Amino acid sequence: MKTAHGSSPVYLDHAATTPIDPAVAVAMSACFAARADYGNASSNHIVGRRARAAIDTARQELGLLLNAQPQDLIWTSGATESVNLAIIGAARFRAHRGRHLITMTTEHKAVAESFDALEKEGFEVTRLSPGVDGILPLSDLEAAMRDQTQLVSIMHVNNETGVIQDIEAIGTLCRSRDVLFHTDAAQSVGKLHIDLEALPVDLLSLTAHKFRGPQGIGALYMANRPGCRVAPLLHGGGQERRLRPGTSALHQIIGIGVAARLAQNRLAENLSHVTTLQARLWRGLNGVSGITRNGCAESHYPGILNISAEGVEGESLMLALEPLCVASGSACNAQSGEPSFVLKALGRTDLEAQSAIRFSYGPETSRSDIDLAVKLYRSAVSRLRTIAPDAAA
Amino acid sequence: MKTAHGSSPVYLDHAATTPIDPAVAVAMSACFAARADYGNASSNHIVGRRARAAIDTARQELGLLLNAQPQDLIWTSGATESVNLAIIGAARFRAHRGRHLITMTTEHKAVAESFDALEKEGFEVTRLSPGVDGILPLSDLEAAMRDQTQLVSIMHVNNETGVIQDIEAIGTLCRSRDVLFHTDAAQSVGKLHIDLEALPVDLLSLTAHKFRGPQGIGALYMANRPGCRVAPLLHGGGQERRLRPGTSALHQIIGIGVAARLAQNRLAENLSHVTTLQARLWRGLNGVSGITRNGCAESHYPGILNISAEGVEGESLMLALEPLCVASGSACNAQSGEPSFVLKALGRTDLEAQSAIRFSYGPETSRSDIDLAVKLYRSAVSRLRTIAPDAAA
Amino acid sequence: MTSVTEPVLLGPYNEQVRGLFQNPRHAGDAAAGNGRRYEARASEATAGAQILLIAGVTEGILAALRFRVFGCPHLIAAAEATCERFEGGAVNKLQEFSVSDLMETLGVPVEKMGRILLLEDAIQALLSQVDGKAINRN
Amino acid sequence: MTSVTEPVLLGPYNEQVRGLFQNPRHAGDAAAGNGRRYEARASEATAGAQILLIAGVTEGILAALRFRVFGCPHLIAAAEATCERFEGGAVNKLQEFSVSDLMETLGVPVEKMGRILLLEDAIQALLSQVDGKAINRN
Ligand SMILES: Cc1ncc(COP(=O)(O)O)c(C=O)c1O
Ligand SMILES: Cc1ncc(COP(=O)(O)O)c(C=O)c1O
């Protein structure tokens, strides 16, 4: 494929979606190949049984990645659905325990809008702001808790900045108050080590396409603990413990299973690769005057680097960066042109937020991709600053 | 693949799920092949734009199959989700117009349980029974309508019996009363001619895996008419006109698009093929004593034939039929062992319902598959009757 | 992966159930020979499964033990296994019939225990018909 | 399928916008030569886009017309196209500037009309600075 320049795109937008792992694609295609391998897992015959067995295998594979019991995993169509099911489902199921809920201002829209919907149902929502480093102070969470608080939802890795919240400490606090804790781990599963036997997490949302699996399949982890339950959002054929009905998407589930297995095998290797890339990228950009790194550098997933630049307009910067594929703000509001609410929550002005570029990369990103990004970024910023009136610089 | 007999399965369970069309599988695999072809359709760069363009093409292809405007189609994870979004979404959105809803007793569980959920929210639901032929008398529907009726949901082709409801007449009646009409067309789309420009249908649910597309992707058609709107069930990134957020599953959407195109091209051919097969199957079974065809023969999709047999127990019949893959009752309640509520609604006793076998077949079913089915059915029934005590016969 | 493949192939019916179901040699009427013929019936209240045991007894010996079943494969297999085991032996050997042993060998899922209890009912009914004195029932 | 491929490749920026954006020859300060130098500024209330027009005028002629822009590619391209067109011509030719024509040639999406109106504002401001008498403004 070519871009408008005639050169191939350089894809540094892994936080939006990752390329699919070739082995995942092969496994999915194989399941289409033979008629007898593509069954309805609810059917009472050999083709149905084979589908069920493949789905069980995938559930085990994902269970191993997370160190979770396979039966605590519910297949969904992605993190958006998982998040909705976790937040809306738990809040409704547990409404008798209280109608106060806590989240953060820097969550993904799926989380933010699930809470908006609950507010319309009469729940009360506290939205805590992080510090300028992007991190939620635990004391703020503690101070926000009330007797009526029944659910806390704080994401693991932020999709725009890569900032990591301390979900262990948050979960521990929640347990001590008998409050359910959900974490949106769409950006961390398959990338950071997650041990759900050890972590005090009740509900965790994930999606395959952020770790080299297929789009349109995800899961909700629901701990097998008293009080940890959700009311379903969809009703029907009884699949997924009646929590998520519909014919199981066999090839999709096989795909997420294989992606989970590969991610587990390569976790350390991939993490060290992106750490090296991030160091290289930051070294290359660091010298540019008037740039700011969004989100702290310490508690941070190294596969995402988000940079604002003074005196540069975001949309022109994006075009000047072609054939680089990067994001300005979250992929989810890319179309809207609104300044990122996440960056504004970190104290950025509209202009600073609009100038932000998110670089995100993964196992297949090479050092020369990074070097090209540095070169293009430097020249684009300097060119646009030359064009701009002085007052804007 | 082998069965427990060592012989290959003969798959006559197309109403549960169809084999995927090889051309669909090829198109889906192709989209995995190049990194630059597997983007997030919400991204603002060339890879994202390519994803958007592919999704637009698929929407056009599905639009052509249904003679609907592409922009009136909303991608979902399948008919279960479409049905929930249509029924629950419309009822909630239109609650101010009235809280009375009408459906049938022979609907799929996705429909039946969506209405159950609405009842818990305070809606009143009338569930009409069909005649013994499986058909809903229009006069019964008319009689059930009240001033407060705001939504009617009647399926197109029944998944257990193949009976076709007259959705044109039902829709016309609904329009005359200013009542919204939803139809669950999971079993008819891609198989029967459907013209949404001509039909008075407001909402229509479909799923790709019933017409040789992938599992886990479907659509909701929502007519562009005043008052025809739904409240979303999921909240998030704004995709699908804010009615169904979440990263668009590119390969899945490409798959349903290709499946729609192929189905349209081969509609007449496929229909004539299954008509021939049904005649052959019925000729072969007709002579067996004590058998009943479930659902009328006149208004009927010929790709499904459902037969009850006196004096034969269903589970033993299923085993005796191996290596035939067929369904006893709906695929959705296959695991439960409960007698089919659909067949009971047609007046069958528990025993008759439990003895039912649904044969369903499609374009790749051969005449010899049908002949084998006839042979196995005849010998299984006669063998089990020989074993049974007289009183059961 | 052979460990998952086999149950997948067989489904809820193990090799033994499949063999007995496929070839139930004791299904049908007993030729009671020169002995006496007994019949015992049991059925589910919901008019679901039914079982009929037919025995030909000569001098305390089950010269013939046959069955008829309307029911699921596990019940057919259980009836066949039972007839196979006890035919030709002393009538009072029938007391050795054990629901749990049978369920174990045939791999009958627990939720189907009711069906196997039906077979036990029929055996009890048979025993109570056959001359009580010849048999030691404690 | 070439009909869909091309817009996909180009995205919201047509060939012309891309060319002008890539190579804005009139960006930067005007060397006013021996004429008079004028500057006109316009900016969005929200402190978003900004445009600065710099003209060097000699005997009613725009000897130089240059711009500086902080803004999106469409605004940069529009400014460049405008300078390209009017530089070297009579000042009063500037009155021929047309927002709608420019939006059409550059394929500017309607929701961005505000940005192009900014350019119009700057041109008006420029015109009102340049000696009013030489110019026929009706
Ligand atoms: C943090 C976060 N949560 C949720 C989602 C939603 O995932 P999906 O679009 O697969 O539903 C995403 C990605 O879009 C994400 O980055
Ligand atoms: C009539 C009918 N409606 C709805 C569905 C649900 O479709 P899906 O399982 O793809 O969500 C099915 C099939 O399972 C069906 O046959």
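Proteins come first, then strands; the chains are lettered A, B, ... in the order of their sequence lines, and each starts at number 1. Please read all numbers here as calculations on a predicted model, not as lab measurements.
There is no contact between Val24(B) and chain A, counting heavy-atom distances below 4.5 Å. Heavy atoms of Pro22(B) lying under 4.5 Å from chain A are absent altogether. Within the 4.5 angstrom heavy-atom criterion, only side-chain atoms of Arg242(B), from C-beta onward, approach chain A. Contact of Thr18(B) with chain A is made through the backbone alone, with heavy-atom distances under 4.5 Å. Only the side chain of Ile88(A) comes within less than 4.5 Å of a heavy atom in chain B; its backbone stays farther off. When heavy atoms are compared at a cutoff of 4.5 Å, Ile87(B) does not approach chain A at all. Residue contact with chain B, scored on non-hydrogen atoms closer than 4.5 Å, involves the backbone of Val326(A) exclusively. Contacts of Ser248(A) with chain B are made by backbone atoms alone, with heavy-atom separations under 4.5 Å and no side-chain atom involved.
Summarising the geometry, atom CD belonging to Glu81(A) is positioned 6.0 Å from atom CD belonging to Glu81(B); distances are rounded to the nearest 0.5 Å.
Annotation: maximal heavy-atom pairing with chain A below 4.5 Å, among Arg244(B), Arg49(B), His235(B), occurs at His235(B). Considering only heavy-atom pairs separated by less than 4.5 Å from chain A, the leading option among Thr17(B), Asn84(B), Thr80(B), Asp21(B) is Asn84(B). Residue with the most contacts toward chain B among Cys325(A), Ser77(A), Gly246(A), Ala110(A): Cys325(A) (heavy-atom pairs, distance under 4.5 Å). Of the listed residues (Pro245(B), Pro232(B), Ala51(B), Ala79(B)), the one with the most heavy-atom contacts under 4.5 Å to chain A is Pro245(B).
Here the closest heavy-atom approach between residue His209(A) and residue Asn40(B) is recorded as CE1-ND2, 4.5 Å. In terms of heavy-atom proximity, Ile46(A) sits nearest to Pro9(B) at CG2-CB, 3.9 Å. Pairing each heavy atom of Ala249(A) with each of Gly216(B), the nearest pair is CB-CA, 3.7 Å.
Using a 3.5 Å distance cut-off with no hydrogens or angles, the side chains of His45(B) and Asp13(A) do pair a donor with an acceptor.
Proximity of a side-chain donor or acceptor of Gln215(B) to a complementary backbone N or O of Gly39(A) within less than 3.5 Å is detected.
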Item to complete: Check the pair Met28(A), His251(B) against side-chain contact (heavy atoms from CB on, under 4.5 Å), reporting the backbone distance first and the verdict last.
Response: CA-CA 11 Å; Met28(A) 292 173 71; His251(B) 63 290; 3.8 Å; yes
